[in-house]
Amino acid sequence: MERMERTEATEPTEPISLGKALASFDALWSPRIVTTVNDYDVRVAKVEGEHLWHTHDHTDEFFLVLDGELHIALREPAGERTVVLPKGSVFTVPRGTEHKPIAPKGASILLLEPSGTLTVGDRHDEVPDHVDATTGHALG
């Protein structure tokens with residue numbers, strides 16, 4: 001297998017404090033990109049309340065709960081179910097699975113997604129005004 005060379009500048013190799021990254025913004029459901037790994041963004045977000053039902057057709061979505069508790073409602077062939085992720089838990093939503101993240105009391109999460117992935121997926125409910133439907137913001 002041929003290895004592709006990266007043409008863009010390499011990121012600095014300094015540690016990144018996730019606590020400081022999370023403290024640098026207040027917007028909910030508006031991820032910040034803390035670093036990249038190959039062609040994937042490592043994003044952190046503050047979340048509270050309900051997001052929206054959405055589907056990523058071409059990629060899985062990885063969640064790590066840094067603080068609080070996250071619920072992820074899933075619509076699967078066998079029916080609907082909700083997984084509960086306490087602090088320190090990880091869960092991967094398989095591509096093509098309709099899901100809705102919910103943080104009843106608020107949470108801080110880390111997401112791993114291919115660069116450019118929309119926070120509302122490829123197919124989604126109507127996006128409310130408070131949801132920032134982007135590919136993530138640079139940390140700063």
Undergrad: Please tell me if the side chains of Leu18 and Val34 come closer than 4.5 Å, counting only heavy atoms from C-beta onward.
TA: yes
Undergrad: Among all residues two or more places apart in sequence or in another chain, which pass the salt bridge (Lys or Arg N to Asp or Glu O under 4.0 Å) test with Glu76?
TA: Arg81
Undergrad: Kindly write out the residues that satisfy side chain to side chain contact (heavy atoms under 4.5 Å, CB included) with Leu22, not counting sequence neighbours, or none if the list is empty.
TA: Phe25, Val44, Lys46, Leu66, Ser108
Undergrad: Taking atom OG1 of Thr59 and atom CZ of Arg95, what is their separation to the nearest 0.5 Å?
TA: 6.0 Å
Undergrad: When rounded to the nearest 0.5 angstrom, what distance separates OG1 in Thr97 from CD1 in Ile72?
TA: 11.0 Å
Undergrad: Identify whether Val84 and Leu74 are in the same connected component of the hydrophobic contact network (ILVMFWY, side-chain heavy atoms under 4.5 Å).
TA: no
Undergrad: Hey, are the side chains of Thr117 and Arg43 touching, using non-hydrogen atoms and a 4.5 Å cut-off?
TA: yes
Undergrad: Transitively linked via ILVMFWY side-chain contacts under 4.5 Å: Ile102 with Leu70?
TA: no
Undergrad: If every non-hydrogen atom of Pro104 is compared with every non-hydrogen atom of His71, which pair is closest and at what distance?
TA: CG-CE1, 3.8 Å
Undergrad: Please check if any side-chain donor atom of Ser115 sits under 3.5 Å from a side-chain acceptor atom of Asp39, or the reverse.
TA: no
Undergrad: Roughly how far apart are Glu50 CD and Trp29 CH2, rounded to 0.5 Å?
TA: 9.0 Å
Undergrad: Could you give all pairs that pass the ring-ring contact (aromatic ring centres under 6.0 Å, His included) test and reach residues 77-116, with sequence neighbours left out?
TA: His54-His99, His56-His99
Undergrad: Step by step, would you call Asp41 with Glu113 a side-chain contact (heavy atoms from CB on, under 4.5 Å)?
TA: CA-CA 5 Å; Asp41 289 340; Glu113 299 177 298; 5.6 Å; no
Undergrad: Taking side chain as C-beta onward, heavy atoms only, is Pro31 less than 4.5 Å from Leu111?
TA: yes
Undergrad: What distance separates Glu98 CD from Glu80 CD, expressed to the nearest 0.5 Å?
TA: 8.0 Å
Undergrad: If we only count heavy atoms from C-beta on, is the Val42 to Tyr40 side-chain gap below 4.5 Å?
TA: no
Undergrad: Could you state the interatomic distance from CZ (Phe63) to CG (Leu110), rounded to the nearest 0.5 Å?
TA: 11.0 Å
